[in-house]
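Read through the structure below, which is laid out as structure tokens, and then see the notes.
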Amino acid sequence: MRAGRLRGGLVLSYPTNGLASPFEDVASPSTAVVPLQQDQGGACAPKVKKNDDVLVGQMIGESQNLHGASIHAPISGKVTEIIKTFQSISGQTVPAVVIESDGQAQWIDNPAESDPLVALQLAGIVDYDRQTIPLADKLEQARTRNVNSLIVNALDIEPILSSRGRLLQEQPAKIATGIDAIKKILNVTQVFITVDENAFQSVSSIQSALGGSTHILPLCNKYPQAVDYMLVKYVTHVEIPCADGVCIPDVGAVVVDVESLAAVGRKKPVVERFLTVTNSKGHVKNIRVTIGTPIRTVLDHCGITPDKGGKILAGGPMSGMAVASPDLPVTKDLVGIHVQSQREVVAPADATCIKCGLCVEVCPMRLMPFMISGFSEKGMYAEAQHYDISACIECGCCEYLCPVKIPMVQFIKFGKKQISDQRSGA
Amino acid sequence: MKTPELVASSWPHIHSGNSVQNMMLTLIIALLPAVVAAFLVFGLDTLKVVIIAMASAIFWDAVLQKLFKKSLTVYDLSAAAYGLVFAMLLPVTIPWWIIVLGTLVMMLLGKHVYGGLGCNPFNGVLIAYVALLLSYPGHMGNWPMPTSDMMMTQYPPLVELKENGPFLLEDAFPVKDLFLGTNLITGSIGEISKLALLLGGLFLIVRKKISWIIPASFLFGLTGFATIFWLIDPNTYASPIFHLLAGGSLLAAFFLATDWPTSPVTKYGMVFFGLMCGVMTMVIRSWSQWAEGAYFAVFIVSMITPYFDKIRPKVFGARFTSKRPVRL
Ligand code: SF4
Ligand code: SF4
């Protein structure tokens with residue numbers, strides 16, 4: 001089968017491929033700090049008090065509705081503190097629960113929930129597509145639009161990451177169970193599994209477990225193909241605009257990533273993450289880590305030491321957010337960790353665009369990046385909107401190629417923020 | 001483990017390593033085959049012109065940067081690269097002071113009065129070319145005799161066409177000689193070997209420094225237009241092959257029309273820009289007092305580059321209309 005290819009975007013290749021590196025367990029921490037908001041839904045209400053005893057999987061933060069995902073104790077032990085204002089990885093200020101481990105790792109028996117969507121919400125399962133979205137919310141949106149296809153996203157969001165591809169190899173049964181469960185919830189018949197051409201082999205067992213009308217679609221390495229918009233286009237040949245009032249399930253398909261499918265298949269609350277830890281020197285390790293573990297512990301496990309003036313990135317180098325401190329805990333919105341040494345840090349430039357057009361050529365959304373970034377820089381937001389700034393998925397391909405290194409993503413993010421502020425103000 | 005000081009800024013956190021310096025260096029390398037070809041025909045004079053042009057361009061760039069109180073960026077090689085492109089348009093007989101004057105015009109009117117590279121609406125090389133052609137037509141049209149004792153012609157092919165019509169062209173300029181730059185074909189430094197220009201142009205495209213669209217549509221427009229008129233009246237108009245290989249068609253298509261700041265960036269903009277350059281070249285060659293029209297054509301058409309850039313591709317999802325689920 002010929003592998004598909006995204007139009008626009010970049011071919012980024014790395015010397016080491018993490019697909020062959022099995023998940024290693026990072027020892028669960030003696031103290032876990034668990035922020036009570038880990039996704040784009042609202043903050044969860046605390047369910048525990050100081051000095052309460054908790055078991056693994058016990059709900060400590062309850063989401064109010066389907067738009068959120070509940071949060072559970074990742075370790076068993078005692079709640080030693082409830083921090084009111086905690087800065088999480090994404091920079092939000094949220095409450096956090098600190099749990100001291102008793103070393104038992106004893107699971108709680110949660111009562112079964114009959115409504116499958118509520119069960120997903122209660123299990124705290126999230127899906128990642130440029131943002132962490134509660135899976136129940138995503139599926140609810142899909143159910144009301146009568147989708148008939150499920151697209152399984154087994155592609156890693158950046159070529160340097162490999163946790164999704166690895167999960168496919170190690171937990172095919174769980175993923176198949178998860179797919180089955182979601183097929184039932186949404187009442188869909190067709191399943192499309194989009195997978196990296198190198199991880200292609202590992203899908204066949206899932207396909208045979210699921211039986212007919214499961215299609216495997218291999219794609220060759222191109223960034224940012226793992227974005228929902230791109231996958232839906234690849235499968236359905238329909239481009240969905242990034243505009244108000246239209247959402248992906250409007251074409252009759254919904255995209256779910258394999259990590260959340262495996263979590264569905266496990267039928268347990270989410271208390272761990274599967275991550276790829278990489279650094280700019282070619283070090284790659286896939287790990288399984290308990291939520292609440294400090295990033296520092298993870299890096300120690302992998303033998304990576306961040307240096308002064310370097311960066312720790314949540315995700316990969318193309319789209320990861322710089323983490324403020326290595327003491328922050330692993331949360332559900334972490335998809336990978338990349339450590340960059342000082343030498344690799346790209347200095348921001350203050351130069352003029354030479355209109356070489358490389359950014360226009362590479363943009364997967366067919367925008368004119370230098371125009372929208374220039375307009376945002378100058379505060380010309382109406383013009384930026386006229387040039388469809390809102391359609392930018394902030395993939396960073398434009399800036400990657402720019403010969404004068406204009407910080408386009410930064411300008412575009414700023415412009416978008418101003419525009420949405422203006423809108424909500426008006 | 002100590003808490004390291006971390007740097008926070010927006011993604012992407014890696015860069016391709018592409019730079020203006022890199023692009024300009026690629027441009028210089030791409031022109032080297034053409035310089036070598038001219039050297040084989042005209043000898044050391046070629047190098048003299050090339051070196052004076054590059055050195056004086058760098059000199060003026062530095063002086064003007066000081067004068068306009070800009071930071072010194074001559075090391076980005078843009079002055080050197082534009083100096084080299086400029087040398088491509090000159091006959092080797094040109095006196096040194098005209099070159100120096102030309103590079104001053106190029107750097108001043110093609111870059112610094114607008115605030116630097118990227119802000120200039122016109123290609124400095126072409127401004128300087130037009131200025132010199134109007135001021136010193138004699139020097140600019142002083143075609144050197146190739147270093148050989150067997151003289152067949154002393155005019156470049158297009159001048160020959162202008163003066164004597166298309167009758168003897170095929171005998172005087174066999175296609176092979178036009179392409180390779182052999183056998184006493186004269187012209188400016190960059191007009192000698194089409195093979196060398198083609199190699200250089202392809203190099204730029206393969207290294208992804210320019211898009212293939214502009215050269216392709218340029219040459220398509222030029223040959224298409226030439227073919228139509230040649231079919232109508234081969235006694236008045238030269239063959240499309242001749243127009244493709246004579247003079248500066250390839251030089252303009254690969255190295256001038258693709259000038260980054262002054263060429264369009266959108267796909268369809270590039271197509272129309274290229275086509276229009278090609279057609280305009282033919283119009284000037286056929287019905288004006290000038291023998292060579294390619295450089296003028298690029299200069300004129302680049303004036304409306306901002307309008308070509310208005311032909312934007314449809315944004316991702318712009319065609320989406322129905323909310324009807326797609327049945328797979
Ligand atoms: S403009 Fe936005 S979508 Fe386009 S390449 Fe740049 S970051 Fe990506
Ligand atoms: S890549 Fe950079 S220099 Fe080139 S057009 Fe885009 S913003 Fe301008």
Side-chain angles (χ1 to χ4, degrees), chain A residues 146-149 190 229 236 238-243 246 250-252 296 300 305-313 317-326 340 344-346 348 352-357 360-361 364-368 388 391 396 399-405 407 409-410 413, chain B residues 1-24 73 76 78 115-120 208-211 213-214 258-267 269-270 305 309 312-328:
Chain A
N146 272 325
V147 300
N148 68 342
S149 313
Q190 301 202 83
Y229 285 113
T236 67
V238 177
E239 293 182 349
I240 301 151
C242 306
V246 187
D250 282 335
V251 290
R296 188 190 291 279
D300 282 345
T305 324
D307 60 356
K308 215 176 155 142
K311 282 182 189 170
I312 298 177
L313 307 173
M318 281 305 289
S319 60
M321 194 181 281
V323 173
S325 148
Q340 203 170 37
E344 273 85 15
V345 170
V346 180
T352 340
C353 164
I354 63 163
K355 303 198 177 62
C356 65
V360 181
E361 202 182 331
M365 305 304 278
R366 297 194 298 271
L367 302 172
M368 294 180 73
D388 299 293
E399 196 174 325
Y400 179 81
L401 285 185
C402 176
V404 294
K405 298 189 188 146
V409 174
Q410 198 166 324
K413 282 201 296 188
Chain B
M1 194 163 115
K2 249 171 59 262
T3 301
E5 278 171 42
L6 297 171
V7 178
S9 62
S10 178
W11 65 84
H13 303 280
I14 45 173
H15 191 263
S16 55
N18 192 15
S19 64
V20 177
Q21 191 181 24
N22 182 305
M23 297 177 82
M24 294 296 169
T73 57
D76 72 6
S78 61
L117 189 66
C119 308
N120 52 317
K208 294 212 161 68
K209 302 303 174 198
I210 62 172
S211 159
I213 300 177
I214 292 179
T258 56
D259 173 55
W260 297 295
T262 57
S263 65
V265 292
T266 63
K267 201 159 68 183
M270 289 195 259
T305 287
D309 270 340
R312 282 188 286 154
K314 282 238 183 331
V315 162
F316 189 94
R319 284 191 207 88
F320 184 84
T321 45
S322 80
K323 287 203 169 188
R324 175 179 48 88
V326 180
R327 292 293 145 189
L328 290 161

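Values reported hereafter were calculated over all heavy atoms of this structure, with side chains retained and with hydrogens, waters and symmetry mates removed. Naming: A, B, ... by sequence-line order, numbering from 1 per chain.
Listed options G357(A), C242(A), S319(A) were ranked by heavy-atom pairs under 4.5 angstrom with chain B; first place goes to S319(A). Between chain B and the options G396(A), P407(A), P364(A), C356(A), heavy-atom pairs under 4.5 Å are most frequent for C356(A). The candidate from S78(B), S263(B), G118(B) with the greatest count of non-hydrogen atom pairs under 4.5 Å with chain A is G118(B).
Residues satisfying the side chain to side chain contact (heavy atoms under 4.5 Å, CB included) test with T258(B), not counting sequence neighbours, are I210(B), I214(B), P215(B).
Summarising the geometry, atom CE belonging to M270(B) is positioned 6.0 Å from atom CD belonging to E361(A); distances are rounded to the nearest 0.5 Å. One distance of note links CD1 of I312(A) with NE2 of H13(B); it measures 12.0 Å at 0.5 Å rounding. Interatomic distance, CD of E399(A) versus CD1 of I14(B), reported as 11.0 Å (0.5 Å rounding). Summarising the geometry, atom NZ belonging to K413(A) is positioned 3.0 Å from atom OG belonging to S10(B); distances are rounded to the nearest 0.5 Å.
Contacts of C353(A) with chain B are made by backbone atoms alone, with heavy-atom separations under 4.5 Å and no side-chain atom involved. Heavy atoms of L313(A) lying under 4.5 Å from chain B belong exclusively to its side chain. Of the two parts of K267(B), only the side chain, counted from C-beta on, holds a non-hydrogen atom closer than 4.5 Å to a non-hydrogen atom of chain A. Within the 4.5 angstrom heavy-atom criterion, only side-chain atoms of Q340(A), from C-beta onward, approach chain B. Using a 4.5 Å cut-off between heavy atoms, M321(A) contacts chain B through both its backbone and its side chain.
Minimum heavy-atom separation, Y229(A) to F316(B): O-CZ, 3.8 Å. Taking every heavy atom of both residues into account, N18(B) and L401(A) meet most closely at ND2-O, 3.1 Å. The two residues Y400(A) and P12(B) make their nearest non-hydrogen contact at N-CG, 4.3 Å.
Side-chain contact check for H15(B) and K405(A): no donor-acceptor pair (N or O, by modelled atom type) lies under 3.5 Å.
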_Using the rule given for side-chain contact (heavy atoms from CB on, under 4.5 Å), can you reason through L117(B) versus T352(A), listing the C-alpha separation, both sets of side-chain angles and the distance that settles it, and then say yes or no?_
CA-CA 7 Å; L117(B) 189 66; T352(A) 340; over 6 Å; no
*Evaluation steps, salt bridge (charged side-chain N to carboxylate O under 4.0 Å, His left out), between K355(A) and D309(B)*: CA-CA 11 Å; K355(A) 303 198 177 62; D309(B) 270 340; over 6 Å; no
*Going through the distances and angles, do M23(B) and I354(A) end up as a side-chain contact (heavy atoms from CB on, under 4.5 Å)?*
CA-CA 11 Å; M23(B) 297 177 82; I354(A) 63 163; 4.2 Å; yes
